[in-house]
Amino acid sequence: MTTGSWWAAALAESVDASRPLAVVCNGEALVLFRDASGAACALEDRCPHRRVPLALGKVTPKGLQCGYHGWTFDGKTGACTAIPNLSADERVPPRYGARSYRVAEASGFIHVWLGDGEPDDARLPGSLYHPQGEEHTGASIVNVAAHEYLDAMLDGPDCLVSFDGVRITDFFLGDARTGDGWLTVDRGAVWKTRMLPPAFVTDHPLIVRTSVSLAGGAALVGLLDADETPLVTVFVASSANRRGTTSLCWRGFRHDARVASAPLRWQIARATGRAPFTVREQIDGAALAALLVAPSRDLAAARTAIRAPIASIA
Ligand code: FES
C-alpha cells in the first residue's frame with residue numbers, strides 16, 4: 001500500500017551544483033543539490049557519521065561532501081563514496097550511507113517523494129501548472145501551521161494572496177467541487193477603482209478560483225474574467241516546517257489575455273512586467289482568526305472520503 005506522496009519542496013532554479021540547499025518539507029529536514037550530471041538530488045540533512053547537517057558541506061564531482069570530516073555521499077543512492085584518509089586497500093562500508101529520496105523535476109519545482117510505497121509520477125503536485133508567460137517566483141516560511149494555511153486558501157484567500165488592483169469578495173460563485181484529486185471553489189472579485197464598489201457586490205467582473213490538492217501541500221489560485229478566461233495563475237506549494245510554521249514556494253504568471261475593463265494600474269503593470277500577484281509572506285493573524293470556516297469543511301470531508309475503505313460488494 002502506498003502511503004507516501006510527492007511534495008514540491010523547492011523551486012528548480014534554487015537548486016544548483018554550487019551549494020547545497022537546506023529545506024524542511026512536510027516536517028522532514030532535507031538537503032537538495034545537483035550532482036555532476038545536473039540531476040536534482042535529495043538527502044536527509046543529517047550526516048550518518050556525526051549527525052551534522054549535510055547542508056553545511058559542499059557539492060563535489062563525487063557527491064555531497066560533509067563539512068565536518070569530509071565524507072562524501074552520492075546524491076541518488078546516498079551511498080558514501082569517499083572518506084578522507086582511507087588507505088587504498090580499505091573500502092567504505094555500505095552501512096555508511098545517508099538516506100536518499102526519490103526526486104522528480106517538473107513545472108519548475110523539485111518534487112520529493114516522502115513516505116512509503118512506489119511513487120506515482122503521474123501525481124506530481126505541479127502537474128496542473130503550465131506557465132505560458134513571464135514567471136514571478138518566490139519562497140518563504142510563514143508563521144502559520146501548514147493545514148491552517150491550506151484551509152485559509154479556501155476560506156479567505158485574500159489573507160494569503162493578492163492580485164494587483166483586485167479586491168476579492170466573500171461572495172461564493174457556486175458550491176465547492178471536487179475532481180482529479182482537487183477541491184475547487186470560486187469567489188467573485190472586482191477591480192479596485194478610485195470609486196470603491198460597495199461592500200455588497202452582485203456583479204462580479206472577475207473570478208478568483210482556488211483549488212487545493214486533497215493529497216495536501218499544493219494550491220492553485222487563478223484570476224479569471226467573467227467569461228472564465230484566465231488572467232493570472234499562481235501555484236503555491238506548501239508543507240509543514242518546524243514549530244508550527246509552513247514552507248512555501250510559488251510560481252505564477254500573467255496570461256496573454258487583454259482585459260478591456262481593467263483599470264489603468266493593471267494596464268501599466270502589464271506593460272512594465274510588474275508581478276500581477278503577491279503571495280503574502282507576513283500574514284495578518286487577526287484576519288486569519290476571523291475567517292469563517294466554510295469550504296475548508298468540504299476539504300476535510302473530501303479527504304475523509306478518499307481515505308475511507310471501499311465497502312465490499314456482497
Ligand atoms: S560528521 Fe559528517 S563526516 Fe563526520
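In each ligand, atom 1 is the first atom listed, and ligand 1 is the first ligand listed. Only heavy atoms go into these numbers, but all of them, side chains included; no hydrogens, no water, no symmetry mates.
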Open item on the list: Just checking: His69, one of its N/O/S atoms, less than 2.8 Å away from atom 4 (Fe) of ligand 1, yes or no?
Closed with: yes

Open item on the list: Under a 4.0 angstrom heavy-atom cut-off, which atoms of ligand 1 come close to His49?
Closed with: 1 (S), 2 (Fe), 3 (S), 4 (Fe)

Open item on the list: For the aromatic rings, using the six-membered ring if either is Trp, is the centroid distance between His204 and Phe171 under 6.0 Å?
Closed with: yes

Open item on the list: Using the side-chain contact (heavy atoms from CB on, under 4.5 Å) definition, which of the options Val212, Val236, Thr245 pairs with Tyr149?
Closed with: Val236

TODO: For the atoms SG of Cys47 and SG of Cys66, give the angle they form at atom 2 (Fe) of ligand 1, rounded to 10 degrees.
DONE: 110°

TODO: Apply the ring-ring contact (aromatic ring centres under 6.0 Å, His included) test between Phe235 and each candidate in Phe253, Phe277, Trp250, Phe109; give the one that qualifies.
DONE: Phe109

Task: Ala29 backbone acceptor or donor facing Asp45 side chain under 3.5 Å - done: no

- [ ] For Arg280 and Asp158, indicate whether the former's side chain and the latter's backbone hold a donor-acceptor pair under 3.5 Å.
- [x] yes

Task: Distance filter under 4.0 Å to Tyr68 heavy atoms, resulting ligand 1 atoms - done: 1 (S)

- [ ] Out of Arg50, Arg46, Arg51, indicate the one that has the non-hydrogen atom closest to atom 1 (S) of ligand 1.
- [x] Arg50

